[in-house]
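Input: a single structure, listed below in structure tokens.
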Amino acid sequence: MGIYDTLNTEQKKAVLQTDGPVLILAGAGSGKTRVLTHRVAFLIDECGVNPWNIMAITFTNKAAGEMRERVDKIVGFGAESIWVATFHSTCVRILRRYADRLGYKNNFTIYDTDDSKSLMKDICKKYQLETVRLKMKRIMSTISSCKDNLVTPDEYYLANGGDSEKLKISKAYTEYQNALKNNNAMDFDDLIFNTVMLFKKNQDVLESYQERFKYIMVDEYQDTNNAQFELIRLLADKYKNLCVVGDDDQSIYRFRGANIRNILDFEKVYKDAEVIKLEQNYRSTQNILDAANSVIKNNFGRKDKALWTDEGKGDKVRLCEFDQAPDEASFIADDIGKLHRNGKIKYKDVAVLYRTNAQSRLIEEKFVLNGIPYDLVGGTNFYSRREIKDLLCYLKTIDNAVDDLAVRRIINVPRRGIGQTTINNVQEYADERQISFYDALCEVDNIVSVTRATTKLKDFVVMIRAFRAKEKEMSLSDLLKDIIVTTNYIDYIKAETEDDESGDNDRVQNIDELVSKLAAYEESTDDPSLSGFLEEVALVADIDNVSEDDDKVLLMTLHSAKGLEFEHVYLAGMEDGVFPSYMSIEAEDYDPEAIEEERRLAYVGITRAKKELTLTRAKRRMVRGEFQSNPLSRFVREIPGNLLERSATESAPSFLFDDGDSIDEFDDIDLSSGNMYRRSTTASSSYSTGYNGYDKPGREPMYQAKGSSIYGIGKPKETGDSSAASFGTGRPKAKLRPEPKRAVPDKPFIMGASSNHAAASKGKSLGLQKGMPAAAGTEPDYKVGDRVKHIKFGVGTVVGLEKETRDYKVSVEFDECGPKVMFAAFAKLKKV
DNA sequence: AAAGCAAGCTTTTTT
DNA sequence: AGCTTGCTTT
């Protein structure tokens, strides 16, 4: 009797299998959270396990929160001492205690991606590492993947000694880590990496945690990377009571190091692992599941399984096609509006999912137009907005001024007349003495290179000290309000950004929201502290803030949607090149793994829907400033036609497609008239708008392919992947590559202009020298032909001197830096 | 020092 | 297209 009777056989098996390694392959909607929570309850209530000894790890705070809530409900008592947290916050909690063992202070700060980037920028500048060929992005991603794979800077250096480019990356990696340590900061990857290092080097620490976490559960195991795998392996090494839950078909984070082999090879690593498959789905209708299955079965190298349900077939999956992307967006807004007016849906039961954040804009516009309330998840994280980061950096500086990055960010924000030169001088002084930037500020009197700005720097330090004093006597949210008032921050931000049409200023609203968030934090936390708040803030994802209470439609990427479910789901932008992304189907460095990951993403998207799924697609859309005409997504073509209902308008009959064939895109629907007709030619097709003549050649083979079976869905095992292959290789790659069209027809002159630019400015400065006689005035003490010295550009020859309204314009050919034109008053050239 | 302008890049996804 | 970045101009 009791709570366990509501579980099905497999679920029950998973709950009862408490000891030893367990792999639960949980298909989408198969009730894995229920299994996990019941398992926790079973461990505590039936096996007498101390809640203190149980750990559950998730990927998002939202998932952790939900799990905690549900465990609270079914566990009689002690639920609060179960450790439920994300990987990252787990590591932070451990490192807050032991970071000193790794040479950090325990109050280290956490850098987000932006912080890391600007730190790396400084480093590249300092050591002259970045080049045209070696992009920042590559350096950062290489370092990130090193950390994901537990490769230290030294190890990377030793492994890549020969290659000069890699040598540079190695240098960047080394210096980046040094800088982080000096700033007492860790980036996201460090949190995991350092925790593993801590365990490896400190047996006593590891053992204490092994003793504590006798039972470990990991959710979304398919998304773990190698470092996370190692972390879990170490923790579970003593008792081996490790239960991992995941679905290899939902592994969608390869780009950030997730290793699908962790789940696929679990049984190899843990030979005695119990494997349990949950295939019964409690979420969606059979039609939706069939659609999902028919897509995902085109992937190789997956654990064989198929979802099924007891519920009925349900409605067919709708496929709606539009000529232009705005039409698609209008349709979604109209459709939701209509359903809502008819009382068929609540807004909060609806989600619109898309591949890239950029796609949200059009949809948002139409939602606003139609008065449909919505919430947008993702895009720029709330905490990485400029105004929020500025204020957080004030808080960071007040809390702990060792983070140079934070201090430098705010020292002249809002403007207080402290320029780059001054900052550089202070930094130089700090570097020489190996002290922090802030400490250097405190002894500004000793910095000889700083003269004029001295008072301003002192004022800044006084202000920070005043805030610190206030921190002791007022609440944190009052402190933040005080910072905003004292610095005139609102005025500053208002001056920086113009209001939108309605006269509101989003940034000001964001600031208000930050104040409320800080107040909420103070209220909900026992012992609120500045560092506590900063830490919490550093690790939140956008999805964590989604509330179920608001009756709003949710707009988000497919990635963000993982783990969620909705009655009605719209998948927008179902086009090859959008979804799957052009990156994954590009012929150059074609990677079959990439397209499989996209397909898993499609699977995730489809399986979010409980009752109704609508796929939409635009034949033409603006992408990165260019119009693109993309074919219907291959993932839609992988769904058998008999599961689909092709309705673009209410009057469009769908019986024509009830033939079990896969649909293809050559049967077209005329939206304006509601008539349906077959297209017979290519040239007049509305896809081939002929605006650049570039997508036409690529289009041709697609039409020819109609007769062939590459879209065949009936026999997916043979045709499925060969269709993918046909796309990857068979199609002229120009189709999906925007570059050629950019270069050829419309703006050749831009290229010419840009490549001539340097020459043009050179010519200009030479021209000045020619015709212009030197005029009277506060004449410089040098003339054309003189050798002069500039503080930054070094030594050069004056090649031109021209009188302007109030100053002299001087052209110099510098030995090192080439030709420059500047004003004499600012250039401060010295004759040599 | 700060404002103004043009070039370039971006957008695949995120803790 | 829109944003950030770096360079020019004042």
Side-chain angles (χ1 to χ4, degrees), chain A residues 57-64 85-92 110-113 117 121 132 135-137 144 148 187-192 220 223-225 227-228 252-258 353-362 377-381 383-384 386 412 415-423 452-453 456 496 538-544 556-562 573 577-586 594 597-598 600-601 604-605 621-627 738 750-751 753-755 757-758 761 764-765 804-807 809 820-823 825-826:
Chain A
I57 293 208
T58 61
F59 269 82
T60 63
N61 295 299
K62 186 166 194 278
T86 65
F87 267 103
H88 289 86
S89 52
T90 295
C91 289
V92 171
I110 301 165
Y111 276 2
D112 66 22
T113 321
K117 235 202 227 149
K121 222 173 186 176
V132 198
K135 291 271 164 54
M136 269 276 291
K137 217 172 145 189
S144 176
D148 289 346
D187 66 19
F188 287 138
D189 300 321
D190 283 333
L191 296 175
I192 316 284
E220 306 283 11
D223 287 326
T224 51
N225 63 32
Q228 288 162 334
I252 54 173
Y253 284 108
R254 196 175 67 115
F255 69 92
R256 67 171 195 215
L353 312 180
Y354 36 78
R355 180 66 232 283
T356 66
N357 280 307
Q359 288 168 259
S360 71
R361 176 182 240 105
L362 273 178
V377 182
T380 14
N381 186 314
Y383 292 104
S384 35
R386 188 177 57 158
N412 199 32
R415 306 244 141 78
R416 40 179 82 91
I418 301 171
Q420 200 54 52
T421 329
T422 309
I423 292 174
R452 240 177 57 210
K456 293 168 187 161
E496 287 289 293
L539 296 174
V540 297
D542 225 43
I543 192 77
D544 298 335
M556 67 186 116
T557 62
L558 289 151
H559 281 88
S560 298
K562 197 175 66 158
V578 174
F579 184 35
S581 79
Y582 71 95
M583 302 282 283
S584 65
I585 47 183
E586 219 172 19
E597 175 135 326
E598 295 281 311
R600 292 193 288 268
L601 199 50
V604 168
R621 81 168 62 234
M622 182 78 93
V623 180
R624 270 154 44 250
E626 304 268 1
F627 273 108
I750 298 267
M751 299 200 52
S754 97
S755 58
H757 193 261
S761 73
K764 191 171 151 206
S765 65
E804 291 272 292
T805 25
R806 49 184 355 144
D807 197 359
K809 195 188 256 178
K820 297 272 186 254
V821 182
M822 63 210 107
F823 280 89
F826 288 99

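Chain letters run A, B, ... following the sequence lines, proteins first and then strands; every chain starts at 1.
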- Message: Regarding A:Thr113, tell me which of base, sugar-phosphate or nothing describes its non-hydrogen contacts under 4.0 Å with the strands shown.
- Response: base
- Protein-nucleotide distance (A:Met583, atom CE; B:dT11, atom P), rounded to Å: 9 Å
- Task: Mind checking A:Arg415 for me? I need base, sugar-phosphate or nothing, with any heavy atom below 4.0 Å counting as a touch.
- Result: sugar-phosphate
- Note on the structure: Rounded to whole Å, CD of A:Gln228 lies from C1' of B:dT14 at a distance of 12 Å
- Rounded to whole angstrom units, what separation is found between the NZ atom of A:Lys137 and the P atom of C:dT5? 14 Å
- Message: Taking any heavy-atom pair under 4.0 Å as a contact, classify A:Asn357: base, sugar-phosphate, or nothing.
- Response: sugar-phosphate
- Task: For A:Ser89, answer base if it contacts any base atom (sugar-phosphate contacts may also be present), sugar-phosphate if it contacts only those atoms, and nothing otherwise; contact means non-hydrogen atoms under 4.0 Å.
- Result: nothing
- Item | Short side-chain N/O contact to B:dT13 OP1/OP2 from A:Tyr253, under 4.0 Å | no
- How would you label the contact of A:Glu598 with the nucleic acid (heavy atoms, under 4.0 Å): base, sugar-phosphate, or nothing? base
- Task: Name the closest nucleotide to the A:Arg256 side chain, picking from C:dG2, C:dA1, B:dT15.
- Result: B:dT15
- Look at the aromatic rings of A:Tyr253 and A:His559 and report parallel, tilted or perpendicular, splitting at 30° and 60°. tilted
- Note on the structure: Paired to C:dT9 by Watson-Crick or G-U wobble criteria (both distances under 3.5 Å) is B:dA2
- Query: What is the distance, rounded to the nearest whole Å, between atom CZ of A:Arg416 and atom C1' of B:dA2?
  - Reply: 16 Å
- Query: Any stacking of A:Phe59 on B:dT15, going by centres under 5.5 angstrom and planes within less than 30 degrees?
  - Reply: no
- For the base of B:dT11, is there a side-chain donor-acceptor partner from A:Arg624 under 3.5 Å away? no
- Task: Starting from P on B:dA1, measure out to CD1 on A:Ile418 and report it in whole angstrom.
- Result: 10 Å
- Message: Any side-chain N or O of A:Ser581 below 4.0 angstrom from OP1/OP2 of B:dT11?
- Response: no
- Query: With sugar-phosphate meaning primed atoms plus P, OP1 and OP2, does A:Ala358 contact a base, only sugar-phosphate, or nothing at under 4.0 Å between heavy atoms?
  - Reply: base
- Looking at B:dT14, B:dT12, B:dA2, which one has an atom nearest to any side-chain atom of A:Asn412? B:dA2
- Assign A:Phe579 to base, sugar-phosphate, or nothing according to its heavy-atom contacts below 4.0 angstrom with the strands shown. nothing
- When you measure from the side chain of A:Thr421, which nucleotide among B:dT13, B:dA1, B:dT15 comes out closest? B:dA1
- Figure out the CG/P separation between A:Leu353 and B:dT12, and round it to whole Å. 19 Å
- Message: Less than 4.5 Å apart, side chain to side chain, heavy atoms only: is that true for A:Arg355 and A:Ser581?
- Response: yes
- How many Å lie between NZ on A:Lys117 and C1' on B:dT10, as a whole number? 10 Å
- Rounded to the nearest angstrom, tell me the gap between atom CG in A:Asn61 and atom P in B:dT14. 15 Å
